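Down below is the structure, laid out as structure tokens.
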There are 2 protein chains.
Amino acid sequence: MPQRGRPRGFDADEALERALEVFWRQGYEGASVTDLTAAMGINKPSLYAAFGGKEELFRKVVARYAEQDMEYARTAFAQPTAYEVVATLLRENVLAVTRPDRPAGCLSIQGGTACSTENAPVAGFLAASRLAGERALADRFVRAVAEGDLPADADPAALARFVMIVTEGHAIHAAAGVSREDLRQAAEIALAGFAAASGARLPEHATNPA
Amino acid sequence: MPQRGRPRGFDADEALERALEVFWRQGYEGASVTDLTAAMGINKPSLYAAFGGKEELFRKVVARYAEQDMEYARTAFAQPTAYEVVATLLRENVLAVTRPDRPAGCLSIQGGTACSTENAPVAGFLAASRLAGERALADRFVRAVAEGDLPADADPAALARFVMIVTEGHAIHAAAGVSREDLRQAAEIALAGFAAASGARLPEHATNPA
DNA sequence: TCGGATCAGTACCGATCGGTACAGAAATCG
DNA sequence: CGATTTCTGTACCGATCGGTACTGATCCGA
């Protein structure tokens, strides 16, 4: 169905992708509208017309990131045991924060942790996004307890928090240039901690990395 | 010994302290010179005269933070065993990132992880500062291996990296408002992971938190 | 008491910020 | 083919950025 008026001269989906990478690499405050429009291949008025503005663009970008780049988390949640959920999550996280075709680290952290008072809503929004992921993981552990996969005295919230803490540290390290292999080793140590602390049932082939 | 010329009308040490908190709360890019001078109680030309400029001020502030707020790390390193080093480090880190009289989190992370290309040296400087701390911890573990406190096949660098990853995650969580008690639980899980992965000799009173 | 040294405060600098106005271009509809 | 709609590009907006010039204030030394 043809739409009236001049057609856009750019692919909004592709432009959003380029914007995502700028925010990921430079953070919300470090990315200027000039940086964004240069990467997106459009002019400022087009950014405003198509995406609403800098902050709205950022929120769209974070939604896209959650939907696409965090797909591995949903895959991990589907594993049959808590141990395998965490093993998959941590290992895939290490891959995700060190992709050669993506900025290093994690947008939901580098997007903004400390901001000016004007931009505090942006940092708050990212923190809420991370917390949502943590709650989803805690919920998965609640189910593991209900299924007898984790012992009754396991603390789903604390375990989920620990796993998220490790993924955040992965992102900080990756953004600082630490290699995938170095992070992989740390992930295995974290998995050992999860196993020890949670009383999780281990798969038969699980090994102690140390 | 009296100095010639008009005496400064402010305490440079106290002003540096105030600047430290602004950078810690808002990050290097989120903190404007106006924010800084307002908190320091001085005018712009005084900031330039006394501290050199925004970036020089930041570097001074980070040095001060490493010397004073990271004192607990040096205390932890002096513990007799690797296990106690890590136990002290993680527990004190939880206290440090949730102090009621300080911003939440850690300046060496919130100061800047992702920046504009102009400010990349600032993020690099912080990353180097964190890496220095990690190397110091790895060196302590090398000594633990040499003393027989850690087994010969323990990997000091990987273990140090894991511990630093956890402290970074602590800072991100704390900055997002997570409570000291919640972080304490996660720290104990991390400690369990360290114990499991490192083959460290445990103190007699060590307990499994789960 | 005056000169010299150093500091504080006000005004100002050029550059860039996030954002918008407006004219012209490119499309569809009747 | 003209009207309408939608988009692009250029120029521009007020505000704030990091930083400096300059004048007057406040000290010490001779």
Side-chain angles (χ1 to χ4, degrees), chain A residues 1-16 18-19 22-23 25-61 111-112 114-123 125, chain B residues 1-16 18-19 22-23 25-61 111-112 114-123 125:
Chain A
M1 163 75 136
Q3 189 182 348
R4 284 175 71 114
R6 181 172 168 168
R8 285 194 193 287
F10 64 95
D11 184 71
D13 203 68
E14 175 60 26
L16 204 57
R18 300 282 75 76
V22 173
F23 280 128
R25 194 172 284 118
Q26 299 178 211
Y28 181 80
E29 285 182 325
S32 66
V33 175
T34 304
D35 292 329
L36 290 160
T37 50
M40 294 163 87
I42 61 179
N43 286 295
K44 281 190 172 191
S46 298
L47 186 152
Y48 284 84
F51 302 103
K54 187 184 180 187
E55 188 168 337
E56 283 181 67
L57 174 64
F58 183 71
R59 290 178 188 269
K60 289 180 166 74
V61 136
C115 289
S116 67
T117 50
E118 288 80 4
N119 292 327
V122 170
F125 165 71
Chain B
M1 165 75 138
Q3 191 183 348
R4 290 173 69 114
R6 181 172 167 169
R8 285 196 191 287
F10 64 95
D11 183 71
D13 203 68
E14 175 62 25
L16 205 58
R18 301 283 75 78
V22 172
F23 279 129
R25 193 171 284 117
Q26 299 179 210
Y28 180 80
E29 286 183 326
S32 66
V33 175
T34 304
D35 290 330
L36 290 159
T37 50
M40 293 162 89
I42 63 179
N43 286 294
K44 281 189 171 193
S46 298
L47 185 152
Y48 286 83
F51 302 101
K54 186 182 180 187
E55 188 169 335
E56 282 181 68
L57 174 64
F58 183 72
R59 290 175 187 271
K60 289 180 168 73
V61 136
C115 290
S116 66
T117 50
E118 287 80 4
N119 293 327
V122 171
F125 165 70

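Convention: sequence-line order gives letters A, B, ...; per-chain numbering from 1. Please read all numbers here as calculations on a predicted model, not as lab measurements.
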Along DNA chain D (nearest heavy atom to each residue), the more 5'-positioned of B:E29 and B:P7
B:E29
Protein-nucleotides 2-5 of chain C N/O pairs closer than 3.5 Å?
none

What is the distance from [atom1] of [X] to [atom2] of [N], rounded to the nearest Å?
| X | N | atom1 | atom2 | result |
| --- | --- | --- | --- | --- |
| B:F10 | C:dC7 | CZ | C1' | 9 Å |
| B:E118 | D:dG19 | CD | P | 12 Å |
| B:F51 | D:dG18 | CZ | P | 16 Å |
| B:D11 | C:dC7 | CG | P | 14 Å |
| A:K54 | C:dT20 | NZ | C1' | 17 Å |
| B:Y48 | D:dG19 | OH | C1' | 4 Å |
| A:N119 | C:dC17 | CG | P | 14 Å |
| A:Y28 | C:dC17 | OH | C1' | 12 Å |

Partners passing side chain to side chain donor-acceptor pair (under 3.5 Å) against A:S32 (at least two apart in sequence or in another chain)
A:D35
Results of side chain to side chain contact (heavy atoms under 4.5 Å, CB included) for B:R8 - residues two or more places apart only
B:F10, B:A50
Residues that A:A123 engages under side chain to side chain contact (heavy atoms under 4.5 Å, CB included), provided they are two or more places apart:
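For A:A123 the side chain to side chain contact (heavy atoms under 4.5 Å, CB included) partners, ignoring immediate neighbours, are A:C115.
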Listed partners of A:E118 passing salt bridge (Lys or Arg N to Asp or Glu O under 4.0 Å), at least two apart:
none
For C:dC17 and A:T34 - does any side-chain N or O of the residue sit under 4.0 Å from the phosphate oxygens OP1/OP2?
yes
Examine C:dT6: is either OP1 or OP2 under 4.0 Å from a nitrogen or oxygen in the side chain of B:R8? Give yes or no.
no
How long is the gap from CD1 on B:I42 to CZ on B:F51, to the nearest 0.5 Å?
5.5 Å
Which residue pairs pass the side-chain hydrogen bond (donor to acceptor under 3.5 Å, both in side chains) test when at least one of the two sits in residues 36-45 of chain A, sequence neighbours left out?
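Sorted result for residues 36-45 of chain A: empty, none.
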Any non-hydrogen side-chain atom of B:L57 less than 4.5 Å from a side-chain atom of B:L16?
yes
Salt bridge (charged side-chain N to carboxylate O under 4.0 Å, His left out): which pairs involve residues 45-55 of chain A, sequence neighbours left out?
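Residue pairs with at least one partner in residues 45-55 of chain A: A:E55-A:R59.
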Can you pull out every ring-ring contact (aromatic ring centres under 6.0 Å, His included) where at least one residue sits in residues 27-50 of chain B? Sequence neighbours excluded, please.
B:F23-B:Y28, B:Y28-B:F58
Looking at DNA chain C, which of residues 36-47 of chain A put a heavy atom within less than 4.0 Å of it?
A:K44, A:P45
